[in-house]
Asks: 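One structure coming up, written as structure tokens, with questions to follow.
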Amino acid sequence: MALAASRPFLSEGGYGEQEMDANSALMELDKGLRSGKLGEQCEAVVRFPRLFQKYPFPILINSAFLKLADIFRVGNNFLRMCVLKVTQQSEKHLEKILNVDEFVKRVFSVIHSNDPVARAITLRMLGSMASIIPDRKNAHHSIRQSLDSHDNIEVEAAIFAAAHFSAQSKDFAAGICNKIGEMIEGLATPVDLKLKLIPILQHMHHDATLASSTRVLLQKLVALYPSTKMVIVTLHTCTQLAASSLVDIPKQIQLLLQYLKEDPRKAVKRLSFQDLKLLAHKTPHMWSRDNIQSLCECALQSPYDSLKLGTLSVLSTLSGTIAMNQYYYNSQGNTTAPVHPDDLIKLVQECCYHSNCALAAHSVTVLTNIASCLEKDFLSLEQDAVFALESLLVLCSQENGVGAQNALKTAFTCMVKLTRSRPHLSQPVVESLLTQLHNAQDIARIPMCHSLAAIAMQLPVLGEGILGELMELYKMIGSSSTDKQQELLVALAAVIFVANQKTLSSEVKGVIKQQLENVANGWTVYRIARQASRMGNHDMAGDLYHGLLTQVASEHFYFWINSLKEFSRAEQCLAGLQDSESSVALARIAEALKYYQRGIASLTAASTPSNPLTFQCEFVKLRIDMLQAFSQLICTCNSLKTSPPPAIATAIAMASGNDLQRCGRITNQMKISMEEFRSLATRYHDLYQSSFDADSATLRNVELQQQSCLLISHSIEALILDPDSASFQEYSCSGNVYAESEYERSMLSVFAQVLEDVEALNRKYPPVSYLHTMCLCRAIISLLKVPLSFQRYFFQKIQSTSIKLALSPSPRTPTEPITVQNNQQLALKVEGVIQHGSKPGFFRKIQAVCLNVSSSLQTKGVQDYKVLLENMTNEVEQRVEPHNDYFSTQFLLCFVALGNHSVTVEASVIDSNGIIWKTGPKTTIAVKSMEDPFSQQLRLQQQQQQSQQSQLQRNALCRF
């Protein structure tokens, strides 16, 4: 996560550089608002959302909205419309308005205007502000009055406001429900107005009684007004109400199925399917066996493809949920036959070979989900699913239409899911994909290659025998340099790299390079090199990066590409190690470290303030330290030969009571190595916790590196330092661990082999023998033989999340401390804004923010009395849930000890799974604790009295 600027802004009593930026921007807009020209006023109003986005803290937002409210109060209707649009665009900032009463007062004053358009805009403004004023009675009253207006614009605005207030306020919803019902049933209300009034009823979900009474009203309306538009609007409102209130969902499903069967109108049937799909997505557990059976019967009895398409779209949503288990199994988990057990399968098998791509795609989805999710009794459906997927693949791979491409994506998703749950089906699926790869259109080949790579990443089904076929296809790719052609080059190269993840032959490398020289641009070459780094083909990646060095557009890009080239050369040095060659391993590690040091220097030069490359630098530094630790451990193992224990080692061991001392200096060196590997594991864990925006493959890669360090540390302890108490259960790899990639499979295999070797050698021979050191060297070389995978987050950040903090009070200048008296508490207010990139929450979402406030005494002042140690520091932690990406909380801090204190506020995030990510930012302010005046005066009086008493005693002694 990108760290925000540590200095607060827009805080009480502070006028820093950022504060001046925000204030000057607001003053500039205020100057435009005060202009006499309408155009300049409008331009100033529409620029406010950008200001809110740049400075999203309450003080500025409160001032800005008050200025907008003034414009709304005194401006014309066009300006009011601009203010309304700004308010609607900035809805998530409304709760940051501090003076809500004043803001509403200025806006509400326009409701008494004689202009119905002004009143209508005001009503829409009130509706847009319903989230912050849900229970304002004057607003409720104005909406009720405006519903009876004779002006259509005002009535429509009142309907808009009523819908928004009903969603926010229980009291308003309960009070307006009867009035809405009366207006709908009234003969004087036009039909188009009734159609606009009915959707308000979907917000009557605040309690079960209100929802039930509203449902009765809606059912009554369906019977009273059987026209198509009224039935569609009423049924959809009823569905939305049921989905929001979770009341009467089975009844709503039955009602929709009834209209689906009995109503002949296509529009009504179409709406029934849409609402059934909505309920299938939101509440699949509420679907009974009879509901699914009714859907199947309806589709089987109908000759129309559109009806079957709608039915299968609902079933495809249900098939991946618990509804299928309820359909085929009872509560005890035993199979019980439905009323007509073959109806669902019969419908799917009938439609999976249909000429309509969408119909066949939904059928294949249902068939795949049934074959994948249900563990037994449906083994015969597996082959049906494979044949249906092959048929859909042949049907859609020759077409360029949007529908065919969507069906292809569905088919590829089903293939990956089916091969993951049924690995024995991988070979026929891959063969069918390879067969179609030659004949398909370019637009279909790209997702086909992605699907092949995804299947091969799960299971090693692409052997070297298939490599020749892939290379022939690579040669056949046309010589055009269109975007699709470039995309196909990247996708097919990824499949080739997955098929052979160790080292590519010179012939394969030559074919790829020749093809890239002919048609590929620089970006395509970079993407292929990136895939090679990800799959562990570092020799190919290094050559491609080297060719790109002269094609970059800036100095930073040059250093970035150069660093990637050096990292690939470093990992290439470690390829081809042999288990018994510890001296060769030392030389290879030294050479790899040389390249890594060059690469980290280039990587540091490639970083910029906007893109600091924090994760990349830390990951490479950890890799360098791990290689150095491996080298040091191999040298330590060799020291048993070069520096054996001295003759008096046994006597030293007996005298010290430590039996390991008889092994000589190697014992202490092993302890140092073990602590070093544990420290590396802790650093990898810290990197994992700070990578909130990383994808799961990258996080798994970091986790595997951490486990490698822990494995070596445990091996040292089990073989040499403490063989008797070593336990292998907590480190053993469970058999049900699912490997997502070939790299992970290789690492897990190495872990299992090393643990097996260590366990076989444990306690058999007294430490330290050559067998122990050879076992450790073999473990290191086995880990180094697996090519390191540079995952997606190393190259690309899809999700971007940052937190910006503001502290109140804040100092006027960064070096000036905040003064507080030692007998008082400092109220520290912490506000924060969460900022997202283009794809918020793509991998994980923020559920809460954990704020930790700590203080420490930096310089101690003059103090006559002693202060307890626990009173000299503060350590407080709070969890706060953000709302609309904003959070705020307060801390009370005590500074009893006089002097200068440093207060640090650190933010961590908690995702939806409850995992804590230490992402920052960390902000520090200085606080100076001063003695309060009363205590100071009292202390001075006591000192004066003591000096007077001592003077009197000296005078008395002199007289004596």
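Values reported hereafter were calculated over all heavy atoms of this structure, with side chains retained and with hydrogens, waters and symmetry mates removed. All values reported here derive from a predicted model rather than from experimental measurement.
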Asks: Could you give the distance from CD (Gln847) to CD1 (Ile916), rounded to the nearest 0.5 Å?
Replies: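 Interatomic distance, Gln847 CD to Ile916 CD1, rounded to 0.5 Å: 13.0 Å.
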Asks: Does the pair Phe843 and Leu699 meet the rule for a side chain to side chain contact (heavy atoms under 4.5 Å, CB included), with working shown?
Replies: CA-CA 11 Å; Phe843 295 118; Leu699 293 176; over 6 Å; no
Asks: Just checking, any donor-acceptor pair under 3.5 angstrom between side chains of Glu875 and Asn852?
Replies: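 Note: Glu875 and Asn852 side chains meet the donor-acceptor criterion.
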Asks: Using modelled atom types and a 3.5 Å cut-off, is there a donor and acceptor pairing between side-chain atoms of Ser782 and backbone atoms of Arg778?
Replies: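 The answer is yes, because a donor-acceptor pair under 3.5 Å joins these two groups.
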Asks: State which residue, out of Val927, Thr859, Thr924, fulfils the side-chain contact (heavy atoms from CB on, under 4.5 Å) condition with Ser902.
Replies: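 Checked Val927, Thr859, Thr924 against Ser902; only one passes side-chain contact (heavy atoms from CB on, under 4.5 Å): Thr924.
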Asks: If you compare all heavy atoms of Ala585 against all heavy atoms of Ile634, which two are closest, and at what distance to 0.1 Å?
Replies: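 Where Ala585 meets Ile634 most closely, the heavy atoms are CB-CD1, 4.2 Å.
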Asks: Once you round to the nearest 0.5 Å, how far does CD1 of Ile716 lie from CD of Glu675?
Replies: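 CD of Glu675 is found 10.0 Å from CD1 of Ile716.
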Asks: Measure the shortest side-chain to side-chain distance between Lys922 and Glu906 over non-hydrogen atoms and say whether it is less than 4.5 angstrom.
Replies: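 Yes - at least one pair of side-chain heavy atoms lies under 4.5 Å apart.
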Asks: Is there a side-chain contact between Pro787 and Glu571, using heavy atoms and a 4.5 Å cut-off?
Replies: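 No, side chains not in contact.
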Asks: Which heavy atom of Ala848 sits nearest to which heavy atom of Glu881, and what is that distance?
Replies: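 Answer, listing the atom of Ala848 first, then Glu881: CB-CG, 4.2 Å.
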Asks: What closest approach, in Å, do Thr604 and Ser607 show between heavy atoms, and which atom pair accounts for it?
Replies: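 Heavy atoms of Thr604 and Ser607 come nearest at O-OG, 2.7 Å.
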Asks: Any idea which heavy atoms bring Leu549 and Tyr558 closest together, and the distance?
Replies: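 So the minimum-distance heavy-atom pair works out to O-CD1, 3.5 Å.
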Asks: To check you understand the geometry: which heavy-atom pair defines the closest contact between Ala629 and Glu676, and what is its length?
Replies: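 That closest heavy-atom pairing would be CB-OE2, 3.8 Å.
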Asks: So, taking the atom named NZ in Lys797 and the one named CD in Gln616, what distance separates them when rounded to the nearest 0.5 Å?
Replies: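 One finds 8.0 Å between NZ of Lys797 and CD of Gln616.
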Asks: Would Leu851 and Phe887 satisfy side chain to side chain contact (heavy atoms under 4.5 Å, CB included), going step by step from the backbone distance to the final call?
Replies: CA-CA 11 Å; Leu851 294 169; Phe887 59 89; 4.0 Å; yes
Asks: Less than 4.0 angstrom from a charged side-chain N to a carboxylate O is my criterion; do Glu591 and Lys594 meet it?
Replies: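 Lys594 and Glu591: not salt-bridged.
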Asks: Would Tyr684 and Ser708 count as having a side-chain donor-acceptor pair, cut-off 3.5 Å?
Replies: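 The answer is no; no qualifying pair exists.
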Asks: Measure from the side-chain N and O atoms of Arg588 to the backbone N and O of Ala575, and report whether any donor-acceptor pair falls under 3.5 Å.
Replies: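 Judged by distance alone, yes, a pair lies under 3.5 Å.
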Asks: Is the CZ atom of Arg598 crowded by more than 12 outside heavy atoms at less than 6.0 Å?
Replies: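 Atom CZ in Arg598 is packed in, count exceeds 12.
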Asks: Please check if the number of heavy atoms outside Phe795 that lie under 6.0 Å from its CZ is greater than 12.
Replies: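 More than 12 within 6.0 Å, yes.
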Asks: Would you say the side-chain atoms of His538 pair up with the backbone N or O of Leu788, donor to acceptor, closer than 3.5 Å?
Replies: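 Yes: the side chain of His538 pairs with the backbone of Leu788.
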Asks: Out of curiosity, Tyr545 OH to Trp560 CH2, how far, rounded to the nearest 0.5 Å?
Replies: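 Nearest 0.5 Å value for the OH-CH2 distance: 7.5 Å.
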Asks: Are the side chains of Asn701 and Phe794 in touch, meaning some heavy atoms are under 4.5 Å apart?
Replies: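 The answer is no; the side chains never approach within 4.5 Å.
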Asks: Going by heavy atoms in the side chains, are Thr801 and Pro840 under 4.5 Å from each other?
Replies: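 Side-chain contact under 4.5 Å: no.
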Asks: Tell me whether Ser749 contacts the main-chain N or O of Arg745 through its side chain, where contact means a donor paired with an acceptor under 3.5 Å.
Replies: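 No: the side chain of Ser749 does not pair with the backbone of Arg745.
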Asks: Flag the pair Tyr688 / Gln706 as yes when at least one side-chain heavy-atom distance between them is below 4.5 Å, and no otherwise.
Replies: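 No; the side chains remain at least 4.5 Å from each other.
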Asks: When you look at NZ of Lys845, are more than 12 heavy atoms from neighbouring residues, nucleotides or ligands closer to it than 6.0 Å?
Replies: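 For Lys845, atom NZ is not crowded (no more than 12 foreign heavy atoms under 6.0 Å).
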Asks: Counting N and O atoms only, with roles assigned by atom type, does the side chain of Asn913 sit under 3.5 Å from a partner on the main chain of Ile915, one being a donor and the other an acceptor?
Replies: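 Absent.
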Asks: When you measure from the side chain of Ser602 to the backbone N and O of Gly599, does any donor-acceptor pair fall under 3.5 Å?
Replies: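 Side chain of Ser602 to backbone of Gly599: no pair is present.
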Asks: Measure across Ser690 and Thr919 and return the closest heavy-atom pair with its distance rounded to 0.1 Å.
Replies: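 Scanning both residues completely, I find the closest heavy atoms to be O-CG2, 4.2 Å.
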Asks: Are Leu776 and Met670 side-chain neighbours, meaning at least one heavy-atom pair lies under 4.5 Å?
Replies: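 Touching, per the 4.5 Å side-chain cut-off.
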Asks: To the nearest 0.5 Å, what is the distance between CZ (Phe895) and CG (Leu826)?
Replies: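 Output value for this atom pair is 5.5 Å.
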Asks: Flag the pair Ile818 / Val903 as yes when at least one side-chain heavy-atom distance between them is below 4.5 Å, and no otherwise.
Replies: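 In short, these two side chains do not touch, never coming nearer than 4.5 Å.
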Asks: Do side-chain atoms of Ser789 reach the backbone of Arg534 as a donor and acceptor pair under 3.5 angstrom?
Replies: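 Yes; at least one donor-acceptor contact below 3.5 Å.
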Asks: What residues, two or more places apart in sequence or in another chain, satisfy salt bridge (Lys or Arg N to Asp or Glu O under 4.0 Å) together with Glu618?
Replies: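 Glu618 satisfies salt bridge (Lys or Arg N to Asp or Glu O under 4.0 Å) with Arg683 once adjacent residues are dropped.
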Asks: Please report the C-alpha distance between Leu574 and Leu627 in whole Å, then the side-chain angles of each, then the deciding distance to 0.1 Å, and finally whether the side chain to side chain contact (heavy atoms under 4.5 Å, CB included) criterion is met.
Replies: CA-CA 10 Å; Leu574 302 175; Leu627 291 178; 4.0 Å; yes
Asks: Does any N or O in the side chain of Gln791 come within less than 3.5 Å of the main-chain N or O of Ala697, such that one atom is a donor and the other an acceptor?
Replies: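 Looks like no, no N/O pair under 3.5 Å.
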Asks: Is it true that a side-chain atom of Ser855 and a backbone atom of Asn874 form a donor plus acceptor pair closer than 3.5 Å?
Replies: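 A pair under 3.5 Å: yes.
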Asks: Does either side chain, that of Ser856 or that of Gln858, offer a donor lying less than 3.5 Å from an acceptor on the other one?
Replies: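 Yes, a side-chain donor-acceptor pair sits under 3.5 Å.
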Asks: Should the pair Phe692 and Trp917 be assigned to parallel (<30°), tilted (30 to 60°) or perpendicular (>60°) ring geometry?
Replies: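 Ring orientation of Phe692 relative to Trp917: perpendicular.
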Asks: What verdict does the side chain to side chain contact (heavy atoms under 4.5 Å, CB included) test give for Gln689 and His685, after you've listed the backbone C-alpha separation in whole Å, the side-chain angles of each residue and the deciding distance to 0.1 Å?
Replies: CA-CA 6 Å; Gln689 281 196 317; His685 180 66; 3.6 Å; yes
Asks: Is there a side-chain contact between Val849 and Ile834 (heavy atoms, below 4.5 Å)?
Replies: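 Side chain of Val849 against side chain of Ile834, heavy atoms only: contact under 4.5 Å found.
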Asks: By side-chain contact (heavy atoms from CB on, under 4.5 Å), which residues pair with Ala570, not counting sequence neighbours?
Replies: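 Checked Ala570 against side-chain contact (heavy atoms from CB on, under 4.5 Å); matches are Ala592, Tyr595, Tyr596.
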Asks: Check whether any side-chain N or O of Ser713 sits under 3.5 Å from a backbone N or O of Cys709 as a donor-acceptor pair, and report yes or no.
Replies: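 No; judged by distance alone, with no hydrogens or angles, the pair does not exist.
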Asks: Out of curiosity, Leu633 CG to Ser715 OG, how far, rounded to the nearest 0.5 Å?
Replies: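 Spacing of CG (Leu633) from OG (Ser715) equals 9.5 Å.
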Asks: Indicate whether the side chain of Ser800 and that of Asp693 have a donor and an acceptor atom separated by less than 3.5 Å.
Replies: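 The answer is no; no qualifying pair exists.
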Asks: Please check if atom NE2 in His836 has more than 12 non-hydrogen atoms from other residues, nucleotides or ligands closer than 6.0 Å.
Replies: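 Correct, the count exceeds 12.
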Asks: Under the side-chain contact (heavy atoms from CB on, under 4.5 Å) rule, collect the residues that match up with Gln597, sequence neighbours excluded.
Replies: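 Result, side-chain contact (heavy atoms from CB on, under 4.5 Å) vs Gln597: Ile600, Ile624, Gln628.
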Asks: Do the ring planes of Phe567 and Phe790 sit parallel (below 30°), tilted (30 to 60°) or perpendicular (above 60°)?
Replies: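 Ring orientation, 0 to 90° scale: parallel.
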